[in-house]
Amino acid sequence: MAARPASLAGVVLAGGASRRMGRDKATLPVPKGISGVDGATTMVEHVVTIVAQRCQPVFVVAAPGQRLPKLQAEVVRDEVRGLGPLLATGRGLRAAREAGAERAFVCAVDMPLLTADLIDTLAARAAESGAEVTLPWDGRDHYLAGVYRTDLAAKVDALVAAGERSMRALVDNVDTQRIVMPESRALSNINSADDLRSLLQLAG
């Protein structure tokens, strides 16, 4: 196992609108065929379980009024729905910093093939480089599968106050380290029913 910093929290962003899926992805049942899943587990429970293997504490950032199952994580609520992942990331980073963590692994809730090994790789590189953000790069940036310094919460606040909504606005304005890696199913997101079927074929 790769070395990782002792102070690594987890932040799972679960409050997205999920327009393409047509339903809340956080409570989407993860079907049998995904490793370790019995068919009765929701996406948010599954991802929290994976993140908790390497990160403590774990925070789930949810939309106002969003219903979630009981989780082995602290739920942090956005104040306003639909403002995008940048504001939610800032809220999660602030919660992690208040809990004493120097860094947090931030991911989206729709990553059923996420692995602890991926978290190890990113966390180890973040500790080695001291970068403010450490991202996997396989031809594109994976903003919601990276390690972020928790003191970036203040930077996020400033960007949001200036009208920014995209994660790129943050990543392009801080010290970011990109780890080049081959395309990995661990980085796959689910945006539609077709995506879910494709991932099941990969996992089978």
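In what follows, every heavy atom counts, from backbone to side chain, and hydrogens, waters and symmetry copies are set aside. Treat the numbers as computed from the prediction; the structure is a model and nothing was measured.
For the pair His46/Leu114, no side-chain contact is recorded, criterion being any heavy-atom separation below 4.5 Å from C-beta on. For the pair Asp120/Arg54, a side-chain contact is recorded, criterion being any heavy-atom separation below 4.5 Å from C-beta on.
Shown here are the side-chain hydrogen bond (donor to acceptor under 3.5 Å, both in side chains) partners of Arg77, two or more places apart in sequence or in another chain: there are none.
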**Prompt:** Would Val58 and Gln72 satisfy side chain to side chain contact (heavy atoms under 4.5 Å, CB included), going step by step from the backbone distance to the final call?
**Reply:** CA-CA 8 Å; Val58 178; Gln72 297 300 311; over 6 Å; no
**Item:** Step-by-step side chain to side chain contact (heavy atoms under 4.5 Å, CB included) determination, Arg67 to Thr27
**Value:** CA-CA 8 Å; Arg67 293 186 177 183; Thr27 54; 5.9 Å; no
All N/O donor-acceptor pairs, side-chain side in residues 128-140, below 3.5 Å, sequence neighbours left out:
residue, atom, partner, partner atom, Å
Ser129, OG, Arg125, O, 3.1
Ser129, OG, Ala131, N, 3.1
Glu132, OE1, Asp175, N, 2.8
Asp138, OD1, His142, NE2, 2.9
Asp138, OD2, His142, NE2, 3.1

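Between the side chain of Thr176 and the backbone N or O of Val171 there is at least one donor-acceptor pair closer than 3.5 Å. Thr150 contributes no side-chain N or O that, together with a main-chain N or O of Ala96, makes up a donor-acceptor pair within less than 3.5 Å. Within the 3.5 Å criterion, the main-chain N or O of Leu28 finds no donor-acceptor partner in the side chain of Thr42. Listed for the Lys25 side chain is a donor-acceptor partner under 3.5 Å among the backbone atoms of Ile190.
Among the candidates Val76, Val11, Val12, Val51, the single residue satisfying the side chain to side chain contact (heavy atoms under 4.5 Å, CB included) test with Val60 is Val12.
Salt bridge Asp141/Arg168: absent, no basic N to carboxylate O contact under 4.0 Å.
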